[in-house]
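Have a look at this one.
Heavy-atom basis, side chains included; hydrogens, waters and symmetry copies ignored. Chain A is the first sequence line, chain B the second, and so forth, proteins listed ahead of strands; every chain is numbered from 1. Because the structure is a prediction, the values reported are computed rather than measured.
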There are 2 protein chains.
Amino acid sequence: MQNSTLTTGQSKGEQLLFLTDDQLRQGIELMFFAYRCFTADPDRILENYAYGRAHHRAIHFINRRPGLTVNDLLDILGVTKQSLNRVLRQLVEDGLVDSRVGRTDRRQRNLFLTDKGQALEQELSASQRVRMRRAYSTAGPESVQGFRTVLEQMIDPDLRERILRMMETRA
Amino acid sequence: MQNSTLTTGQSKGEQLLFLTDDQLRQGIELMFFAYRCFTADPDRILENYAYGRAHHRAIHFINRRPGLTVNDLLDILGVTKQSLNRVLRQLVEDGLVDSRVGRTDRRQRNLFLTDKGQALEQELSASQRVRMRRAYSTAGPESVQGFRTVLEQMIDPDLRERILRMMETRA
DNA sequence: AGTTTATGTCAGTCTTGTTGACTTTCCAAG
DNA sequence: CTTGGAAAGTCAACAAGACTGACATAAACT
């Protein structure tokens with residue numbers, strides 16, 4: 001009975017045993033727990049600054065793509081402008097983010113991290129990289145390749161395309 | 001310059017190139033986007049029932065370990081009892097969860113899904129399993145193994161132990 | 001009998017998301 | 001040059017879901 005519930009339309013060949021509902025459910029739980037640990041590190045740091053996860057995300061992607069517009073960021077984060085604006089205003093007020101009027105289109109705002117912002121970004125991402133590095137090196141390169149492949153496939157195709165393009169065109 | 005920032009103490013051998021800061025950052029972003037897509041499916045379903053992600057998590061683990069106590073669930077979810085209680089009370093009121101007084105220790109409450117609860121669980125987890133199955137089958141068994149290995153390593157050791165034990169002792 | 005444990009509850013706060021309405025700025029098409 | 005609409009910012013109100021702290025109750029343990 002155990003581990004034998006095959007998914008619809010799957011033959012019982014050994015090569016497909018990783019698609020049982022049980023295996024899928026285990027993957028689902030691993031995602032839940034891993035993500036929680038993954039966000040716990042920066043969350044602890046953010047407490048000291050009275051910021052939240054939303055601030056972290058903004059800082060991360062501004063660092064990733066310096067000069068991106070508010071609309072770009074909205075697109076990436078998938079939240080409303082009102083929600084992002086609250087966070088962004090704080091970061092600008094606190095001198096972590098520089099919001100410059102667009103040169104070609106002056107309606108737009110190009111976002112940059114200040115030195116202070118970069119310092120926090122470094123601190124936050126360092127804490128996550130420590131965890132990733134440990135997991136990667138314990139698991140080994142082949143596992144990491146598989147990890148990346150599956151995660152990519154979990155992302156909606158149109159979003160995946162945008163992300164992969166973003167990752168290629170790195171600073 | 002690109003993709004060449006080695007992490008502290010890493011030799012430049014090809015076998016360790018997957019530990020550059022860039023690679024780690026890409027892993028971090030993949031986690032962010034994949035998790036968002038991963039939760040988007042059940043979130044859409046939950047809207048129809050006026051429930052949130054917290055309800056989903058409770059339902060998931062009650063289904064996973066029928067008869068678990070409130071304390072067990074608190075331990076797994078890592079939230080406060082006040083936070084869980086709000087959710088649990090709703091689920092009991094709405095007839096999705098059955099809270100029975102413990103037989104050996106009558107202070108405890110053993111939690112079970114009702115038929116109605118199981119139906120919703122099925123609907124929710126099915127939507128996630130569709131995504132997982134698609135990702136798994138596209139990526140292939142070797143990638144899935146790597147995916148699982150890395151995720152396990154991302155989880156704090158003590159929590160990891162408990163989870164793996166939970167996965168083994170499946171219903 | 002007193003203490004600890006498991007659970008439940010009330011009140012209040014915070015972050016982060018939402019919607020809706022409105023203004024300002026500015027580009028571009030008519 | 002005027003005007004329509006897009007981009008951005010702002011204000012207000014609200015909800016979910018996390019938190020803390022205090023307190024209640026029942027049961028079990030010592």
Open item on the list: Within the 4.5 Å heavy-atom criterion, are Met132(B) and Leu19(A) side-chain neighbours or not?
Closed with: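 No, side chains not in contact.
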TODO: Hey, could you give me the OG1/CZ distance between Thr149(A) and Phe147(B), rounded to the nearest 0.5 Å?
DONE: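 One gets 11.0 Å once the value is rounded to the nearest 0.5 Å.
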Open item on the list: Show every salt bridge (Lys or Arg N to Asp or Glu O under 4.0 Å) that has at least one partner inside residues 27-44 of chain B, sequence neighbours left out.
Closed with: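 Salt bridge (Lys or Arg N to Asp or Glu O under 4.0 Å) check on residues 27-44 of chain B returns Arg64(A)-Glu29(B), Asp41(B)-Arg44(B), Asp41(B)-Arg131(B), Asp43(B)-Arg53(B).
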Please table the atom pairs, donor to acceptor, closer than 3.5 Å between any side-chain atom in residues 83-95 of chain A and protein atoms at least two apart or in another chain.
unit_1   : atom_1 : unit_2   : atom_2 : d
Gln90(A) : OE1    : His55(A) : NE2    : 3.0
Asp94(A) : OD2    : Tyr51(A) : OH     : 2.3

- [ ] Return the set of residues passing side chain to side chain donor-acceptor pair (under 3.5 Å) with Arg57(A) (not counting sequence neighbours), or none when no residue passes.
- [x]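 Listed in chain order: nothing, the list is empty.
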Task: Test side chain to side chain donor-acceptor pair (under 3.5 Å) applied to Arg65(B) - qualifying residues, sequence neighbours left out - done: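 Here no residue qualifies.
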Task: Selection: residues 43-59 of chain A, any non-hydrogen atom under 4.0 Å of DNA chain C - done: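 Within residues 43-59 of chain A, the residues near DNA chain C are Gly52(A), Arg53(A), Ala54(A), His55(A), Arg57(A).
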Open item on the list: Would you say that more than 12 heavy atoms from the other residues, nucleotides or ligands in this model lie under 6.0 Å from the CG of Asn48(A), or not?
Closed with: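 Enclosed: over 12 neighbouring heavy atoms sit under 6.0 Å from CG of Asn48(A).
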- [ ] Please step through side chain to side chain contact (heavy atoms under 4.5 Å, CB included) for the pair Val144(B) and Arg148(B), ending with a clear verdict.
- [x] CA-CA 6 Å; Val144(B) 169; Arg148(B) 297 181 48 117; 4.2 Å; yes
TODO: Assess the side chains of Arg25(A) and Gln128(B): does a donor N or O sit below 3.5 Å from an acceptor N or O?
DONE: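 Absent: no donor and acceptor within the cut-off.
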Task: Start and end of the DNA chain C segment that chain B contacts, any atom under 4.0 Å from a heavy atom - done: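 Taking any atom under 4.0 Å from a heavy atom of chain B, the span is dT5(C) to dC10(C).
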- [ ] Could you name each residue pair satisfying ring pair (Phe, Tyr, Trp, His ring centres under 6.0 Å) that touches residues 70-92 of chain B, not counting sequence neighbours?
- [x]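 Listed once each, the pairs would be none.
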- [ ] Any chance you could lay out the ring-ring contact (aromatic ring centres under 6.0 Å, His included) test for Phe38(A) and Phe33(A), step after step, and finish with the verdict?
- [x] CA-CA 8 Å; Phe38(A) 167 76; Phe33(A) 290 113; over 10 Å; no
TODO: Would you work out how much the helix from dA1(C)-dT30(D) to dG30(C)-dC1(D) bends between its ends, with each end axis defined by five base pairs, to 10 degrees?
DONE: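 One end's axis against the other's: 10°.
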- [ ] Measure the spacing between CZ of Arg160(B) and CG of Leu151(B) and express it to the nearest 0.5 Å.
- [x]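 Output value for this atom pair is 11.5 Å.
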Task: Segment of DNA chain D, first to last nucleotide, that comes within the 4.0 Å heavy-atom reach of chain B - done: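 Reading along DNA chain D, I get dG17(D) to dA28(D).
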TODO: Select from Asp105(A) and Arg89(A) the residue whose nearest nucleotide in DNA chain D is closer to the 5' end of that strand.
DONE: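 Result of the comparison: Asp105(A).
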Open item on the list: Going by side chain to side chain donor-acceptor pair (under 3.5 Å), name the residues that satisfy it together with Arg100(B), two or more places apart in sequence or in a different chain.
Closed with: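 Counting only residues at least two positions away or on another chain, Arg100(B) forms a side chain to side chain donor-acceptor pair (under 3.5 Å) with Asp98(B).
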TODO: Quick one: which residue pairs count as a side-chain hydrogen bond (donor to acceptor under 3.5 Å, both in side chains) with a foot in residues 67-81 of chain A, not counting sequence neighbours?
DONE: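 Sorted pair list: Thr69(A)-Asp72(A), Asp75(A)-Arg162(A).
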Open item on the list: So which atom in Gly67(B) and which in Asn110(B) form the shortest heavy-atom distance, rounded to 0.1 Å?
Closed with: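 For Gly67(B) versus Asn110(B), the nearest heavy atoms are O-ND2, 2.6 Å.
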Task: Strand-adjacent residues in residues 72-87 of chain B, judged by heavy atoms under 4.0 Å from DNA chain C - done: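 When residues 72-87 of chain B is checked for heavy atoms under 4.0 Å from DNA chain C, the hits, listed by number, are Lys81(B), Gln82(B), Asn85(B).
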